[in-house]
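Step one of this worksheet: look at the structure below.
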Amino acid sequence: MTTFDDILEEVGKFGPCQKRIFGLLCLVSMPWAGIYVGIVFQGFTPPHWCRQPAVQEQRQACGWTLQDSVKMSVPLVNVSGELQPSSCLQYDVELNQSALSCEQSQDLDLSHSPTSSCRHGWEYDYEGRRSFVTEFDLVCSDAWLVDMYQATLNVGFLIGSIAIGYLADRFGRKLSFLMSNLLNGITGILVAVAPNYVSLLVFRTLYGFGVKGGWVAGYVLITELVGVEFRRTVGILYQMFFSVGILLLPLLAYYITDWRWLQVVITVPYILFLSYYWFIPESPRWLLSQNKKDKAVEITEAMAKENKMTLSKKIETLADDNAAADSTTASFMDLIRTPKMRKHTFILSYNWFTSAVVYQGLIMRLGILGGNVYIDFLISGLVEFPAAFLILFTIERIGRRLPFATANFVAGASCFITACIPDSMFWFKTAVACIGRLCITITFEMVVFVNTELYPTFVRNFGVSVCSTLCDVGGIVAPFLLYRLAVIWLELPLIIFGSLAILAGALVLLLPETRGVPLPDTIDDIEFPERMKEKETNGHLFNLLPTDDVTNNKNLAVV
């Protein structure tokens, strides 16, 4: 009986056909960047003050600047140790009844006057850029609603990745990928035309539902089409194209100053991805698992033809390479029943959570620093590119655990150091922050495949799905941690991020090294790794798939 991996030896493990499909699917990672961190531009909050109609009239009559009118209409408050005009308070006086001249009005001292919250809305100090914050006045007591914009996206990610993951196993990778992109195209346009904030949140949640699930379906599809030795490289490079999207986003936002039109531009690629119906095949592995051998053979022969390879008659005996796998349904209890499985689940889940919180937090922080957000965003995006190459260079030479832990430690230390560097040392502060971005990107990309290497076959996919849900929980928490704590002290979120990352690195050191270790088939292989070494020595583990004489040992007693 011939497996698909056997046939790939003849088809080509990463030939022109797979490279073409890989190139097309990599494009899917690029618009996701605009959705994931587009809040930096779409939710831009410019300097703002209470609007007072009487002061506006007097400003026009007297030819005052905006700063002149601000001085006589809003009080000064302490912000991070500096006195600045309040964004949410105004002097509670009836200036429209004053008969003072322009010169007398400017000299008027209202510092001892009573204050109140803004009664007539806000004025914004910006030129041309429109965000949903300025459109819906999401400032002061309503500022937390900006956090909800990002949180609801991650709620969609959380539900969608599980739901579409199930649909991809049930109805196929290609169909799930295409349906996700159709949903993305529809909901993305609905976000752009949302008439009010409530509908914006609803459409944003639905948008998140399709985006991550479709991305994961594409990830699974390309890794199932290439040889085993290319899967890790393909997976890491697939993620790297997210960084390409990070670079393109500030360029788009610079020229597209309306958040609604920026949303349309980010969404258009998903509509174009529907054309992949004619350019990418269904996964032959999935077709074989569904007993659709004829279709699998047809696709495999087409791949061989494009790769200019010739297939032998072995394809006639092509069968599902998971046929011998245990068919018992995995459950959450399998992830926590035994000591080492429980430890792996906790540590990996925490690292998914930390990577999401710190990564999103560092990016969204660029929107509240007050510098040139376009240049800052572009520079921080450039530092992500070395991440993939550092991973590929180190994991087969040094291993997984040490680079994984080191990246967490350096990311955490960078957050602490950045918080302590004064603003006057701008470029040094930026350089240290960029090192943090680089390292948290490494941890984000490493946790994906380390997760797959620490679970046995029968529960591997389910285990990764469960642990990665903590990534979306982290995404829900991140905006609240950043924006609410920054109100207290601008650098306070960095202290929290640094603490989370340092702890994550310490926990990673408790994981076993998986370099050169065969993928585990059973819980016994996890709990008693010395038995795995014995079996490897005896030559019984060259086939990574479970065999009939190996049970899943789900009833292993808790030690």
Side-chain angles (χ1 to χ4, degrees), residues 36-37 39-40 43 45 78-81 143-155 157-158 346-371 373 376-377 380 383-384 404-423 425 428-444 446-447 467-509:
Y36 197 53
V37 294
I39 188 175
V40 172
T45 303
N78 190 323
V79 179
S80 298
W144 66 275
L145 293 173
V146 180
D147 310 351
M148 288 296 296
Y149 178 82
Q150 189 71 4
T152 53
L153 176 73
N154 283 276
V155 170
F157 285 167
L158 176 62
F346 171 75
I347 294 175
L348 292 168
S349 296
Y350 179 79
N351 270 271
W352 276 104
F353 174 83
T354 298
S355 296
V357 169
V358 180
Y359 183 84
Q360 282 197 56
L362 290 179
I363 292 181
M364 292 188 295
R365 181 175 176 270
L366 297 172
I368 62 175
L369 292 181
V373 67
D376 293 346
F377 202 96
S380 65
V383 303
E384 289 193 11
F404 193 5
T406 301
N408 269 307
F409 286 137
V410 176
S414 298
C415 289
F416 284 129
I417 295 170
T418 302
C420 297
I421 300 174
D423 292 338
M425 303 175 67
F428 181 51
K429 187 166 187 167
T430 300
V432 175
C434 286
I435 293 174
R437 270 289 297 280
L438 168 64
C439 290
I440 202 61
T441 302
I442 291 175
T443 66
F444 220 150
M446 286 199 70
V447 71
C467 292
S468 66
T469 59
L470 269 293
C471 171
D472 301 316
V473 173
I476 295 170
V477 171
F480 292 96
L481 277 179
L482 175 72
Y483 295 128
R484 295 315 105 213
L485 293 180
V487 173
I488 302 171
W489 177 37
L490 185 61
E491 309 297 358
L492 182 56
L494 288 178
I495 303 300
I496 304 299
F497 299 157
S499 301
L500 291 172
I502 294 291
L503 178 57
L507 291 174
V508 166
L509 292 176

Checklist line | Derivation and outcome, side chain to side chain donor-acceptor pair (under 3.5 Å), residues Y359 and E384 | finding: CA-CA 11 Å; Y359 183 84; E384 289 193 11; 2.6 Å; yes
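- Two residues are said to be in side-chain contact when any heavy atoms from C-beta on lie closer than 4.5 Å; L481 and P493 fail this criterion.
- Within the 4.5 Å cutoff, no side-chain heavy atoms of V358 are placed close to those of F444.
- Taking SG of C415 as the reference point, atom CG of L494 lies at 5.5 Å (rounded to 0.5 Å).
- Considering only heavy atoms from C-beta on, P479 comes within 4.5 Å of M364 through its side chain.
- Of the possible donor and acceptor atoms, none in the side chain of S349 sits under 3.5 Å from a partner among the backbone N and O of F346.
- By the side chain to side chain contact (heavy atoms under 4.5 Å, CB included) test, F416 is found to be paired with I495, S499, I502, residues two or more places apart in sequence or in another chain being considered.
- Among all heavy-atom pairs drawn from G505 and A405, the shortest one is O-CB, 3.6 Å.
- Residues W489 and A419 approach most closely at CZ2-O, 4.3 Å, considering heavy atoms.
- A donor-acceptor contact shorter than 3.5 Å is absent between the side chain of T354 and the backbone of N351.
- Of the inter-residue distances, the one linking D147 atom CG with T152 atom OG1 reads 10.5 Å to the nearest 0.5 angstrom.
- Side chain of K429 to main chain of D423: no donor-acceptor pair is present (N/O by atom type, distance under 3.5 Å, no hydrogens or angles).
- Atom SG of residue C420 and atom CD of residue E491 lie 8.5 Å apart, to the nearest 0.5 angstrom.
- At a threshold of 4.5 Å between non-hydrogen side-chain atoms, the residues F157 and C471 do not count as touching.
- Contact detail for I476 and A151: the closest heavy-atom pair is CG1-O, 3.6 Å.
- In this structure, Q150 CD and F480 CZ are separated by 10.0 Å, a value rounded to the nearest 0.5 Å.
- Under the rule for a side chain to side chain contact (heavy atoms under 4.5 Å, CB included), the partners of S468 that lie at least two apart in sequence or sit in another chain are W352.
- Closest non-hydrogen pair, R484 versus A143, comes out as NH2-O, 3.5 Å.
- Annotation for A356 and G475: closest pair CB-N, 4.0 Å, computed over non-hydrogen atoms.
- Using a 4.5 Å heavy-atom threshold, the side chains of N408 and V508 count as touching.
- One distance of note links CG of N154 with OG1 of T469; it measures 12.0 Å at 0.5 Å rounding.
- Here the CZ atom belonging to F353 is positioned 15.0 Å from the CG atom belonging to L348, to the nearest 0.5 angstrom.
- Y350 is listed as a side-chain neighbour of L500, based on a closest heavy-atom distance under 4.5 Å.
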